[in-house]
Amino acid sequence: MDDSSAALVVDARGVVTGWSEGARRLTGFSADEAVGRPVRDLLAEEPGSGRPPPGRPPLPVGVATVRHPDGRTVTLRLTVCPLAGPADENAGYVITAADAGERETSLAGQVFEQSSLPLSVCDTEQRFVLLNAAACEAMGGSEESLLGRTFLDVTGLSDGTRAIDRHMRLVAETGRPMRDETYSQAAADPDQQAWDVEMWPLRDTAGRVVGTALAGLDSTEQHHARRRLALLDDATTALGTTLDVVRTAEELVALLVPSFADFAAVDLLDWVLDAEAPPLRGDLDIVMRRVAHASAGPDAPVTVVPLGRTDVYPPYSPPAQALHGGAAVLARTGEPDFDRWMAERGAQSLRRTARRAATPPPGIHTELAVPLRARGTTLGVAVAVRNIRPGAFTEDDAVLAEEIAGRAAVCVDNARRFARERATALTLQNSLLPKVRPGQAAVDIAHRYLPTAAAAGIGGDWFDVIPLSGTRVALVVGDVVGHGIPSTATMGRLCTAVRTLADVDLPPEELLTHLDDLVTHLAADDRDDVPELGATCLYAVYDPVSRRLAVAAAGHPAPALLMPDGTCRLVPLNAGPPLGVGGMPFEATELELPEGSVVAFYTDGLVGGRDRDVDHATRELCRALTVPAESLDALCDVVLKHVLPEEPGDDVALLLARTRALGAGQVAARDVAADPEEVAAVRQWALDRLAVWGLDDVSFVTELVVSELVTNAIRYGEPPIRLRLIRDRTLICEVTDASSTSPHLRRAHAFDEGGRGLLLVAQLTQRWGSRQADGGKTIWAEQALPRR
């Protein structure tokens, strides 16, 4: 403490901790006598409020009478300055003292005047009563011009200054110190100067708050650092919310404007959207497509490149330099390349807006171009521009932009890879899905397949309609576990396997048993790549002659059945486990259907989901099927509209089949005695039936086929034997016997007497085959009918 200063220091308990030589001269007490004693012991009477000299604004002062060691009393004018401790707690006071008319000099006053921090004192009405030189400089005026004016009069109206004024009033009212952060410019400008402001109350010796002291610390750099960290933190959550390239670019632009730039744009190379990456050549112009842009004001240059359009960037332009150099490029007004680039952009803007005298936007004084690179691949460029706010981009801003662009580039690349894989899987799936042909004799068909738009990718749903012998038809729907290309490939395997097993004409339960074995083998072979290979499947066979439907399911939802009378219900099934589980038998359900019944086959994506009640969705499906529709195709749309959620989480396959029935005039049957002499009578019966049907043109081939099949059944089969002719789009000849032994085609040698019958049947008909049944087997042959 300066010995010439009349000052003392008192802690929060009122005990003297510092004593100057000037205080000794005024009071007569030495430092040894005063330090450690309560200041109240040195007073002759209770301190009281003093009145400041005329012409001076109110100051935090008081008047006290001090007892001199020789018995004299001295009246002093005291000025109290509180000392702030940890957590803004009061740590004590610096008290300066002077006789009436004596100039006050104190350590506290010297510190106040010589401090490099802006320090000021306001009264309870927020009028300045004391300012140091740093505060005058910060507020742009002299002490004489600032004293007596309110804080808002001097600093102006802004969000920050209003906050300080509000907090100063709270300090004056409550007596509690406060800390605030504000700005010297408008709060809308992120580049404004930032100040950390401390406020604490000043009290007189009676404890009344008589003013507020302010201390300001320039925290512009710290503020900008916090802003950069906040922007990086926002980038973590704002970027990559969807696996969509354009949406990710829009998220990047929204992050940069207006907190970082006045205008921002994302331009991508064309291959990012739909092709493979070509090499970049530094000596050529670069063509990029604008996918997103945004501006902070109406005058930003958004019309230069419309969304979705391509533009050419010459090698000297900042975007091209950023792409070729692989680093951020910071360009400013005054640089030849940048000025040339801005001149060309201005000319382009005038040409595209078709306004020769168009009012130009505020001049772009700085541009920051950052390449979007991920996994060693260049995807495009992000451009940030400042043309409204005066502050230019800095090198620190370039580092921040590179960090944000790096994160955005990874998100864009993830979206690109997902889109490419999804397109590949969808193409593969579409190529593997069956091409359902119209004109089925057994059923009318309508179907829908909707691949999911979710992040999981394309699933393994499939359906199929397989023509069988005897005008029957197999209806299949299935779902492979998982998503992506592996699931799609597995779906293709299963679809092919089902068609192969269907050609053998196995019953539904036996077909699923063989399919279950196949999935088990596939899972064992691909265990390293597909650890959870599995699938569900439903296989149904409908016979239009008997009007019977046989259905078996492996972990698949039961089909819905719409009857001709308008009632709808689920087909009762004893569904077995999903394919790949193994060890459990499958059971078929058979029921007879009236002609015109509609059977709805579907995958669980239609009725299932995380937040959906399957039973409720199934009831919605049954209600939707009862809605009147012009056609089966229209009914598919009705079902999807009423049952499918807005954003399904899985693929959806829907197959509707309306049953037909072949009338008695299209089917003729006859029992055959196990006697070779019966063959002639059977041939004649067949010829007579063809004559009734007007099919005399195919009588020769039919007579040969009937003779061969019936003869084989009599010679090698077991009674009872039955012949059936079916006339639909083709003519089908079927011979059934009780033997389970199936014939096979063989070639007879030159001198063999037999062995040529089935060879002739195979050559004269479109196709032939056999199928097993519980009571034996059926040999059939199908031949084309003449065109009418």
Side-chain angles (χ1 to χ4, degrees), residues 437 439-442 465-474 499-506 541 543-546 662 665-672 676 678-717 721-737 739-748 752-773 776-788:
R437 297 180 177 85
Q440 295 290 334
V465 179
I466 307 172
L468 301 178
S469 62
T471 68
R472 296 171 305 129
V473 65
R499 278 192 165 261
T500 302
L501 294 173
D503 285 342
V504 184
D505 231 330
L506 295 175
V541 175
D543 187 347
V545 177
S546 64
L662 296 181
Q666 295 178 270
V667 180
R670 168 192 172 127
D671 293 329
V672 179
E678 186 74 8
V679 175
V682 170
R683 285 199 302 265
Q684 187 60 46
W685 175 85
L687 294 174
D688 294 341
R689 175 53 55 183
L690 293 179
V692 173
W693 287 342
L695 299 177
D696 294 330
D697 295 342
V698 297
S699 59
F700 175 77
V701 175
T702 303
E703 182 180 10
L704 179 61
V705 170
V706 168
S707 177
E708 180 60 30
L709 297 184
V710 170
T711 300
N712 283 343
I714 294 173
R715 180 177 299 176
Y716 304 110
I721 302 172
R722 185 175 179 82
L723 170 66
R724 185 171 69 169
L725 298 179
I726 302 173
R727 177 181 62 85
D728 188 59
R729 292 174 174 82
T730 60
L731 180 64
I732 302 172
C733 177
E734 297 181 343
V735 176
T736 304
D737 68 86
S739 172
S740 60
T741 303
S742 297
H744 61 277
L745 187 66
R746 67 183 180 88
R747 294 187 177 275
D752 289 346
E753 295 184 0
R756 297 178 175 84
L758 287 180
L759 179 60
L760 291 175
V761 171
Q763 292 178 341
L764 294 175
T765 60
Q766 285 185 331
R767 57 181 188 144
W768 74 281
S770 65
R771 62 176 182 271
Q772 298 290 328
K777 67 175 184 300
T778 299
I779 311 299
W780 56 271
E782 182 177 325
Q783 56 180 312
L785 295 180
R787 296 181 179 180
R788 299 297 183 182

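Just so we're clear, the structure is a prediction, and the values are computed from it rather than from any experiment.
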Practice prompt. Start with the C-alpha distance between Ile721 and Val710, add both sets of side-chain angles, then the distance that settles side chain to side chain contact (heavy atoms under 4.5 Å, CB included), and finish with yes or no.
Written response: CA-CA 8 Å; Ile721 302 172; Val710 170; 5.5 Å; no
Fill in: Check: Thr702 side chain, Ser699 main-chain N or O, donor-acceptor pair, under 3.5 Å
no
Worksheet item: At what distance, to the nearest 0.5 angstrom, does CG of Leu731 lie from CG of Asp697?
Response: 12.0 Å
Discussion item. I'd like to know whether Leu760 forms a side chain to side chain contact (heavy atoms under 4.5 Å, CB included) with Glu708, so could you lay out the CA-CA distance, the side-chain angles of the two residues, the decisive distance to 0.1 Å, and finally the verdict.
Written reply: CA-CA 9 Å; Leu760 291 175; Glu708 180 60 30; over 6 Å; no
Item to complete: Quick one: pull up OG1 in Thr471 and CG in Asp543 and give me the separation to the nearest 0.5 Å.
Response: 6.0 Å
Discussion item. According to side chain to side chain contact (heavy atoms under 4.5 Å, CB included), who are the partners of Ser740, at least two apart in sequence or on a separate chain?
Written reply: Gln772
Worksheet entry | For Trp693 against Leu725, the heavy-atom pair lying closest together | CH2-O, 3.7 Å
Worksheet item: Can you list the residues that meet the side-chain hydrogen bond (donor to acceptor under 3.5 Å, both in side chains) rule with Ser770, with sequence neighbours excluded?
Response: none
Item to complete: With sequence neighbours left out, write down each residue that passes side chain to side chain contact (heavy atoms under 4.5 Å, CB included) with Ser469, or none if nothing qualifies.
Response: Arg472, Asp505, Arg771, Trp780
Worksheet item: Got a sec, which residues hit side-chain hydrogen bond (donor to acceptor under 3.5 Å, both in side chains) with Glu678, two or more places apart in sequence or on another chain?
Response: Arg670
Fill in: Check: Pro467 and Val473 side chains under 4.5 Å, non-hydrogen atoms
no
Worksheet item: CG of Leu785 to CZ of Arg729: how many Å apart, nearest 0.5 Å?
Response: 11.0 Å
Worksheet entry | Atom pair CD (Glu782) and CD1 (Ile732), whose distance is rounded to the nearest 0.5 Å | 4.5 Å
Worksheet item: Under the side chain to side chain contact (heavy atoms under 4.5 Å, CB included) test, which residues partner Thr736, sequence neighbours left out?
Response: Thr778
Worksheet entry | Contacts of type side chain to side chain contact (heavy atoms under 4.5 Å, CB included), residue Ala669, not counting sequence neighbours | Arg722, Arg724
